Student: 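This structure is in C-alpha coordinates; I'll ask about it shortly.
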Amino acid sequence: MFPSDMIWGLFFVFQISIGFMGNSLLFMLCVFIFLDKNHLKKPIDLICIHLTSVNALTILFKLIPDIVSSFGVKHFLDDVGCKATLYIHRVTRGLSICTTALLSGYQAITISPVHSRWVWLRSKLSMCIYSSFLFFWITNMLIYIYIIETVEADHNFTIVGLEYSTLHCQTNQLRQNHSVAFGSVVIIRDLLFVILVMWSSLYTVNLLYKHRQRAQHIHSPSLSPQSSPEIKATHTILLLVSCFVFFHCSNNFIVFYLFHKPEKNSRLKRITGIFSSCYPTICPFVLLKNSKITSKLTSSLLKLRIIFS
(Lines give C-alpha, C1' and ligand atoms only; values in the text may rest on other atoms or scores of the structure.)
Protein backbone atom coordinates (compact mmCIF):
# COMPACT_ATOMS: atom_id res chain seq x y z
CA MET A 1 0.00 0.00 0.00
CA PHE A 2 1.38 3.40 -1.01
CA PRO A 3 1.34 6.39 1.39
CA SER A 4 -0.90 8.26 -1.05
CA ASP A 5 -3.47 5.45 -0.82
CA MET A 6 -3.49 5.77 2.97
CA ILE A 7 -4.04 9.53 2.69
CA TRP A 8 -7.00 8.92 0.38
CA GLY A 9 -8.34 6.32 2.80
CA LEU A 10 -8.08 8.66 5.79
CA PHE A 11 -9.86 11.38 3.84
CA PHE A 12 -12.67 8.96 2.95
CA VAL A 13 -12.97 7.97 6.64
CA PHE A 14 -13.23 11.64 7.62
CA GLN A 15 -15.86 12.32 4.94
CA ILE A 16 -17.99 9.29 5.79
CA SER A 17 -17.83 10.12 9.53
CA ILE A 18 -18.95 13.72 9.05
CA GLY A 19 -21.59 12.89 6.46
CA PHE A 20 -23.14 9.96 8.31
CA MET A 21 -23.15 11.87 11.61
CA GLY A 22 -24.85 14.92 10.07
CA ASN A 23 -27.50 12.91 8.23
CA SER A 24 -28.19 10.76 11.29
CA LEU A 25 -28.62 13.85 13.48
CA LEU A 26 -31.02 15.53 11.08
CA PHE A 27 -32.87 12.25 10.49
CA MET A 28 -33.46 11.69 14.23
CA LEU A 29 -34.55 15.30 14.70
CA CYS A 30 -37.06 15.18 11.85
CA VAL A 31 -38.41 11.79 12.98
CA PHE A 32 -38.85 13.09 16.54
CA ILE A 33 -40.70 16.17 15.31
CA PHE A 34 -42.81 14.16 12.87
CA LEU A 35 -43.86 11.56 15.47
CA ASP A 36 -43.95 13.54 18.71
CA LYS A 37 -44.58 17.19 17.75
CA ASN A 38 -47.88 17.09 15.90
CA HIS A 39 -48.31 20.87 16.14
CA LEU A 40 -44.89 21.48 14.58
CA LYS A 41 -44.63 18.84 11.87
CA LYS A 42 -44.98 19.83 8.24
CA PRO A 43 -44.65 17.97 4.94
CA ILE A 44 -41.13 19.36 4.57
CA ASP A 45 -40.09 17.27 7.61
CA LEU A 46 -41.09 14.11 5.74
CA ILE A 47 -39.09 15.23 2.71
CA CYS A 48 -36.05 15.83 4.95
CA ILE A 49 -36.44 12.36 6.49
CA HIS A 50 -36.37 10.77 3.05
CA LEU A 51 -33.49 12.98 1.86
CA THR A 52 -31.27 12.23 4.86
CA SER A 53 -32.00 8.49 4.58
CA VAL A 54 -30.95 8.22 0.94
CA ASN A 55 -27.99 10.55 1.53
CA ALA A 56 -26.69 8.31 4.32
CA LEU A 57 -27.05 5.21 2.13
CA THR A 58 -25.31 6.99 -0.76
CA ILE A 59 -22.33 7.84 1.44
CA LEU A 60 -22.05 4.37 2.97
CA PHE A 61 -22.30 2.34 -0.22
CA LYS A 62 -19.90 4.62 -2.10
CA LEU A 63 -17.20 5.37 0.46
CA ILE A 64 -16.95 2.11 2.44
CA PRO A 65 -15.71 0.10 -0.61
CA ASP A 66 -13.37 2.99 -1.50
CA ILE A 67 -11.99 3.04 2.05
CA VAL A 68 -11.33 -0.71 2.02
CA SER A 69 -9.66 -0.45 -1.38
CA SER A 70 -7.53 2.53 -0.34
CA PHE A 71 -6.16 0.65 2.66
CA GLY A 72 -4.75 -2.07 0.44
CA VAL A 73 -7.51 -4.69 0.37
CA LYS A 74 -7.85 -5.58 -3.30
CA HIS A 75 -10.56 -7.63 -5.00
CA PHE A 76 -12.62 -7.96 -1.81
CA LEU A 77 -15.90 -7.77 -3.77
CA ASP A 78 -17.04 -10.55 -6.06
CA ASP A 79 -19.48 -10.04 -8.93
CA VAL A 80 -22.53 -10.18 -6.65
CA GLY A 81 -20.97 -7.72 -4.20
CA CYS A 82 -20.13 -5.29 -6.99
CA LYS A 83 -23.62 -5.49 -8.46
CA ALA A 84 -25.31 -4.93 -5.06
CA THR A 85 -22.99 -2.15 -3.89
CA LEU A 86 -23.01 -0.14 -7.11
CA TYR A 87 -26.74 -0.68 -7.69
CA ILE A 88 -27.71 0.59 -4.22
CA HIS A 89 -25.32 3.52 -4.52
CA ARG A 90 -26.65 4.63 -7.90
CA VAL A 91 -30.30 4.18 -6.89
CA THR A 92 -29.90 6.17 -3.66
CA ARG A 93 -27.91 8.86 -5.47
CA GLY A 94 -30.71 9.16 -8.01
CA LEU A 95 -33.23 9.35 -5.16
CA SER A 96 -31.19 12.15 -3.59
CA ILE A 97 -31.37 14.10 -6.86
CA CYS A 98 -35.13 13.58 -7.14
CA THR A 99 -35.81 14.42 -3.49
CA THR A 100 -33.75 17.61 -3.70
CA ALA A 101 -35.87 18.69 -6.67
CA LEU A 102 -39.01 17.90 -4.68
CA LEU A 103 -37.72 19.91 -1.70
CA SER A 104 -36.84 22.87 -3.89
CA GLY A 105 -40.21 22.80 -5.64
CA TYR A 106 -42.07 22.44 -2.34
CA GLN A 107 -40.36 25.51 -0.90
CA ALA A 108 -41.06 27.56 -4.04
CA ILE A 109 -44.77 26.68 -3.95
CA THR A 110 -44.97 27.31 -0.19
CA ILE A 111 -43.80 30.92 -0.43
CA SER A 112 -45.64 31.74 -3.67
CA PRO A 113 -48.17 34.59 -3.27
CA VAL A 114 -51.91 33.99 -3.15
CA HIS A 115 -52.41 35.27 -6.70
CA SER A 116 -49.76 32.93 -8.14
CA ARG A 117 -50.69 30.31 -10.72
CA TRP A 118 -49.09 27.67 -8.47
CA VAL A 119 -51.11 28.45 -5.35
CA TRP A 120 -53.61 25.66 -6.11
CA LEU A 121 -50.83 23.13 -5.49
CA ARG A 122 -50.43 24.09 -1.82
CA SER A 123 -53.41 22.08 -0.66
CA LYS A 124 -52.23 19.05 -2.65
CA LEU A 125 -48.60 19.03 -1.52
CA SER A 126 -49.06 16.77 1.50
CA MET A 127 -51.06 14.25 -0.55
CA CYS A 128 -48.47 14.14 -3.35
CA ILE A 129 -45.41 13.45 -1.20
CA TYR A 130 -45.90 9.70 -0.71
CA SER A 131 -46.84 9.15 -4.35
CA SER A 132 -43.76 11.18 -5.39
CA PHE A 133 -41.52 8.98 -3.24
CA LEU A 134 -43.03 5.85 -4.77
CA PHE A 135 -42.52 7.22 -8.28
CA PHE A 136 -38.90 8.13 -7.50
CA TRP A 137 -38.12 4.67 -6.11
CA ILE A 138 -39.71 2.75 -8.98
CA THR A 139 -38.11 4.96 -11.65
CA ASN A 140 -34.57 4.77 -10.26
CA MET A 141 -34.76 1.05 -9.49
CA LEU A 142 -35.84 0.35 -13.07
CA ILE A 143 -33.21 2.62 -14.60
CA TYR A 144 -30.32 0.94 -12.80
CA ILE A 145 -31.33 -2.66 -13.52
CA TYR A 146 -28.75 -2.27 -16.27
CA ILE A 147 -26.04 -2.25 -13.57
CA ILE A 148 -27.13 -5.68 -12.30
CA GLU A 149 -26.79 -7.07 -15.81
CA THR A 150 -23.43 -5.53 -16.75
CA VAL A 151 -21.27 -4.85 -13.68
CA GLU A 152 -18.70 -7.36 -12.52
CA ALA A 153 -15.73 -7.41 -10.16
CA ASP A 154 -12.38 -5.97 -11.21
CA HIS A 155 -10.34 -8.88 -12.63
CA ASN A 156 -6.99 -7.11 -12.28
CA PHE A 157 -6.41 -6.13 -15.90
CA THR A 158 -6.11 -2.72 -17.49
CA ILE A 159 -9.30 -1.37 -19.00
CA VAL A 160 -8.94 0.47 -22.29
CA GLY A 161 -11.83 2.03 -24.16
CA LEU A 162 -15.31 3.30 -23.39
CA GLU A 163 -15.94 1.51 -20.10
CA TYR A 164 -17.25 2.62 -16.71
CA SER A 165 -15.14 1.48 -13.78
CA THR A 166 -14.61 2.17 -10.09
CA LEU A 167 -11.77 1.15 -7.77
CA HIS A 168 -13.23 -2.33 -7.42
CA CYS A 169 -15.84 -2.86 -10.17
CA GLN A 170 -16.12 -2.51 -13.94
CA THR A 171 -18.65 -2.93 -16.69
CA ASN A 172 -18.83 -6.04 -18.80
CA GLN A 173 -17.50 -5.31 -22.27
CA LEU A 174 -19.99 -7.73 -23.79
CA ARG A 175 -22.78 -5.28 -22.91
CA GLN A 176 -21.08 -2.19 -24.28
CA ASN A 177 -23.64 -1.74 -27.08
CA HIS A 178 -26.36 -1.05 -24.53
CA SER A 179 -24.34 1.56 -22.61
CA VAL A 180 -25.37 4.40 -24.93
CA ALA A 181 -29.09 3.82 -24.28
CA PHE A 182 -28.49 3.52 -20.53
CA GLY A 183 -26.40 6.69 -20.46
CA SER A 184 -29.04 8.58 -22.43
CA VAL A 185 -31.77 7.62 -19.94
CA VAL A 186 -29.63 8.73 -16.98
CA ILE A 187 -28.72 12.02 -18.66
CA ILE A 188 -32.36 12.77 -19.49
CA ARG A 189 -33.41 12.06 -15.90
CA ASP A 190 -30.61 14.24 -14.50
CA LEU A 191 -31.40 17.09 -16.89
CA LEU A 192 -35.10 17.02 -16.05
CA PHE A 193 -34.54 17.22 -12.29
CA VAL A 194 -31.64 19.69 -12.49
CA ILE A 195 -33.79 21.96 -14.68
CA LEU A 196 -36.63 21.60 -12.16
CA VAL A 197 -34.28 22.52 -9.32
CA MET A 198 -32.88 25.53 -11.16
CA TRP A 199 -36.33 26.70 -12.30
CA SER A 200 -37.77 26.56 -8.79
CA SER A 201 -34.67 28.32 -7.45
CA LEU A 202 -34.92 31.14 -9.98
CA TYR A 203 -38.64 31.44 -9.23
CA THR A 204 -37.85 31.66 -5.53
CA VAL A 205 -35.11 34.25 -6.06
CA ASN A 206 -37.52 36.36 -8.10
CA LEU A 207 -40.11 36.20 -5.30
CA LEU A 208 -37.52 37.17 -2.69
CA TYR A 209 -36.36 40.09 -4.81
CA LYS A 210 -39.91 41.40 -5.23
CA HIS A 211 -40.59 40.91 -1.52
CA ARG A 212 -37.47 42.90 -0.57
CA GLN A 213 -38.37 45.72 -2.94
CA ARG A 214 -41.88 45.98 -1.44
CA ALA A 215 -40.42 45.96 2.06
CA GLN A 216 -37.96 48.74 1.22
CA HIS A 217 -40.70 50.75 -0.47
CA ILE A 218 -43.12 50.51 2.43
CA HIS A 219 -40.39 50.75 5.11
CA SER A 220 -42.35 48.37 7.31
CA PRO A 221 -40.37 46.27 9.83
CA SER A 222 -43.10 43.64 9.71
CA LEU A 223 -42.28 42.95 6.07
CA SER A 224 -38.56 42.63 6.62
CA PRO A 225 -37.20 39.45 5.07
CA GLN A 226 -35.03 38.85 8.15
CA SER A 227 -38.15 38.54 10.33
CA SER A 228 -39.83 35.87 8.20
CA PRO A 229 -39.14 32.19 8.97
CA GLU A 230 -40.26 31.28 5.46
CA ILE A 231 -37.68 33.62 3.93
CA LYS A 232 -34.92 32.18 6.13
CA ALA A 233 -35.94 28.64 5.17
CA THR A 234 -35.92 29.69 1.51
CA HIS A 235 -32.37 31.05 1.84
CA THR A 236 -31.35 27.67 3.23
CA ILE A 237 -32.97 25.81 0.33
CA LEU A 238 -31.24 28.10 -2.18
CA LEU A 239 -27.87 27.41 -0.56
CA LEU A 240 -28.64 23.70 -0.64
CA VAL A 241 -29.59 23.87 -4.32
CA SER A 242 -26.38 25.74 -5.16
CA CYS A 243 -24.31 22.99 -3.53
CA PHE A 244 -26.36 20.35 -5.31
CA VAL A 245 -25.92 21.84 -8.79
CA PHE A 246 -22.19 22.46 -8.32
CA PHE A 247 -21.23 19.04 -6.99
CA HIS A 248 -23.61 17.13 -9.24
CA CYS A 249 -22.40 18.81 -12.42
CA SER A 250 -18.74 18.53 -11.35
CA ASN A 251 -19.09 14.82 -10.61
CA ASN A 252 -20.86 14.14 -13.92
CA PHE A 253 -18.13 15.99 -15.81
CA ILE A 254 -15.40 13.88 -14.19
CA VAL A 255 -17.33 10.65 -14.79
CA PHE A 256 -17.88 11.60 -18.44
CA TYR A 257 -14.19 12.43 -18.87
CA LEU A 258 -13.10 9.20 -17.17
CA PHE A 259 -15.52 7.17 -19.28
CA HIS A 260 -14.01 8.47 -22.53
CA LYS A 261 -10.41 8.47 -21.33
CA PRO A 262 -8.52 5.59 -23.02
CA GLU A 263 -6.70 4.55 -19.83
CA LYS A 264 -8.50 4.66 -16.49
CA ASN A 265 -6.84 6.64 -13.71
CA SER A 266 -7.26 5.48 -10.09
CA ARG A 267 -6.81 9.04 -8.82
CA LEU A 268 -9.72 10.25 -10.94
CA LYS A 269 -11.81 7.35 -9.64
CA ARG A 270 -11.15 8.49 -6.06
CA ILE A 271 -11.94 12.11 -6.94
CA THR A 272 -15.22 10.90 -8.42
CA GLY A 273 -16.05 9.20 -5.12
CA ILE A 274 -15.31 12.41 -3.21
CA PHE A 275 -17.45 14.61 -5.45
CA SER A 276 -20.35 12.15 -5.53
CA SER A 277 -20.38 12.16 -1.70
CA CYS A 278 -19.85 15.90 -1.13
CA TYR A 279 -23.48 16.93 -1.55
CA PRO A 280 -24.89 14.16 0.72
CA THR A 281 -22.24 15.13 3.29
CA ILE A 282 -22.93 18.89 3.24
CA CYS A 283 -26.70 18.66 2.84
CA PRO A 284 -27.70 18.00 6.51
CA PHE A 285 -25.51 20.81 7.83
CA VAL A 286 -27.02 23.28 5.36
CA LEU A 287 -30.52 22.25 6.49
CA LEU A 288 -29.52 22.46 10.16
CA LYS A 289 -28.40 26.03 9.50
CA ASN A 290 -32.09 26.91 9.24
CA SER A 291 -32.90 28.73 12.48
CA LYS A 292 -36.34 27.12 12.64
CA ILE A 293 -34.93 23.61 12.61
CA THR A 294 -32.26 24.58 15.13
CA SER A 295 -34.87 26.05 17.48
CA LYS A 296 -36.87 22.81 17.24
CA LEU A 297 -33.74 20.86 18.14
CA THR A 298 -33.00 23.10 21.12
CA SER A 299 -36.53 22.85 22.49
CA SER A 300 -36.52 19.08 22.02
CA LEU A 301 -33.21 18.68 23.88
CA LEU A 302 -34.45 20.89 26.71
CA LYS A 303 -37.58 18.77 27.01
CA LEU A 304 -35.54 15.57 27.14
CA ARG A 305 -33.26 17.09 29.77
CA ILE A 306 -36.27 17.98 31.94
CA ILE A 307 -37.69 14.47 31.56
CA PHE A 308 -34.50 12.65 32.55
CA SER A 309 -33.38 15.11 35.26
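Owing to the predicted nature of the structure, the values given are computational and were not obtained by experimental measurement.
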Student: Is any side-chain heavy atom of S276 less than 4.5 Å from a side-chain heavy atom of H89?
Tutor: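 In short, these two side chains touch, coming nearer than 4.5 Å.
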
Student: Output all residues satisfying side-chain hydrogen bond (donor to acceptor under 3.5 Å, both in side chains) with T100, sequence neighbours left out; order by chain, then residue number.
Tutor: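 For T100 the side-chain hydrogen bond (donor to acceptor under 3.5 Å, both in side chains) partners, ignoring immediate neighbours, are Y279.
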
Student: Are M141 and L95 connected, step by step, through hydrophobic side chains (Ile, Leu, Val, Met, Phe, Trp, Tyr) whose heavy atoms are closer than 4.5 Å?
Tutor: yes

Student: How would you list, by chain and number, every residue that makes a side-chain contact (heavy atoms from CB on, under 4.5 Å) with I88, sequence neighbours excluded?
Tutor: F61, T92

Student: Y146 and I148: same hydrophobic cluster, using ILVMFWY side-chain contacts below 4.5 Å?
Tutor: yes

Student: Quick check: do S104 and S201 have side-chain heavy atoms less than 4.5 Å from each other?
Tutor: yes

Student: Transitive ILVMFWY cluster of L202 at side-chain heavy atoms under 4.5 Å: who else is in it?
Tutor: none

Student: Taking side chain as C-beta onward, heavy atoms only, is V31 less than 4.5 Å from F27?
Tutor: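 V31 vs F27: side chains touch.
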
Student: Measure the shortest side-chain to side-chain distance between C48 and L287 over non-hydrogen atoms and say whether it is less than 4.5 angstrom.
Tutor: yes

Student: Tell me if the centroids of the rings in Y203 and W199 come within less than 6.0 Å of each other.
Tutor: yes

Student: I'd like to know whether CZ of F193 has more than 12 heavy-atom contacts from other residues, nucleotides or ligands below 6.0 angstrom.
Tutor: yes

Student: Once side-chain hydrogen bond (donor to acceptor under 3.5 Å, both in side chains) is applied, do any residues pair with S277, and if so which ones, sequence neighbours excluded?
Tutor: none

Student: Distance only, no hydrogens: is a donor on one side chain within 3.5 Å (strictly under) of an acceptor on the other, for R189 and N140?
Tutor: yes

Student: Under a 4.5 Å side-chain heavy-atom rule over Ile, Leu, Val, Met, Phe, Trp and Tyr, are I188 and V91 clustered together?
Tutor: no

Student: Consider only side-chain heavy atoms of I, L, V, M, F, W and Y, link residues closer than 4.5 Å, and tell whether V194 and I187 are in one cluster.
Tutor: no

Student: Under the side-chain hydrogen bond (donor to acceptor under 3.5 Å, both in side chains) test, which residues partner Y87, sequence neighbours left out?
Tutor: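 side-chain hydrogen bond (donor to acceptor under 3.5 Å, both in side chains) list for Y87, sorted by chain: empty.
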
Student: Can you measure from CD1 (I47) to CG (D45) and round to the nearest 0.5 angstrom?
Tutor: 9.0 Å

Student: What are the two closest non-hydrogen atoms of W8 and S70, and how far apart are they?
Tutor: CB-OG, 4.1 Å

Student: Any heavy-atom pair between the side chains of V13 and F71 that's under 4.5 Å?
Tutor: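 Yes, close enough: below the 4.5 Å cut-off.
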
Student: For the atom pair CG (L103) and CG (L46), what is the distance rounded to the nearest 0.5 Å?
Tutor: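 Those atoms lie 11.5 Å apart.
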
Student: State, yes or no, whether a side-chain contact exists between T58 and R90 at a heavy-atom distance under 4.5 Å.
Tutor: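 Sidechains of R90 and T58: no contact.
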
Student: Measuring only between side-chain heavy atoms, which start at C-beta, is Y144 closer than 4.5 Å to L86?
Tutor: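 SC-SC contact between Y144 and L86 ruled out.
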
Student: Nearest 0.5 angstrom please: T85 OG1 to L60 CG, how far?
Tutor: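 The distance works out to 11.5 Å.
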
Student: Please report the interatomic distance OG(S242) to CZ(F247), rounded to the nearest 0.5 Å.
Tutor: 11.0 Å

Student: Treating Ile, Leu, Val, Met, Phe, Trp and Tyr as nodes and any side-chain heavy-atom pair under 4.5 angstrom as an edge, say whether F246 and I274 lie in one connected cluster.
Tutor: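 Yes, F246 and I274 fall within the same hydrophobic cluster.
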
Student: Quick one, F12 and R270 - any side-chain contact, counting heavy atoms below 4.5 Å?
Tutor: yes

Student: Sequence neighbours left out, what passes side-chain hydrogen bond (donor to acceptor under 3.5 Å, both in side chains) with S96? Give chain and number order.
Tutor: N55

Student: Evaluate the ring planes of F133 and F136, with Trp represented by its six-membered ring, and classify them as parallel (under 30°), tilted (30 to 60°) or perpendicular (over 60°).
Tutor: tilted

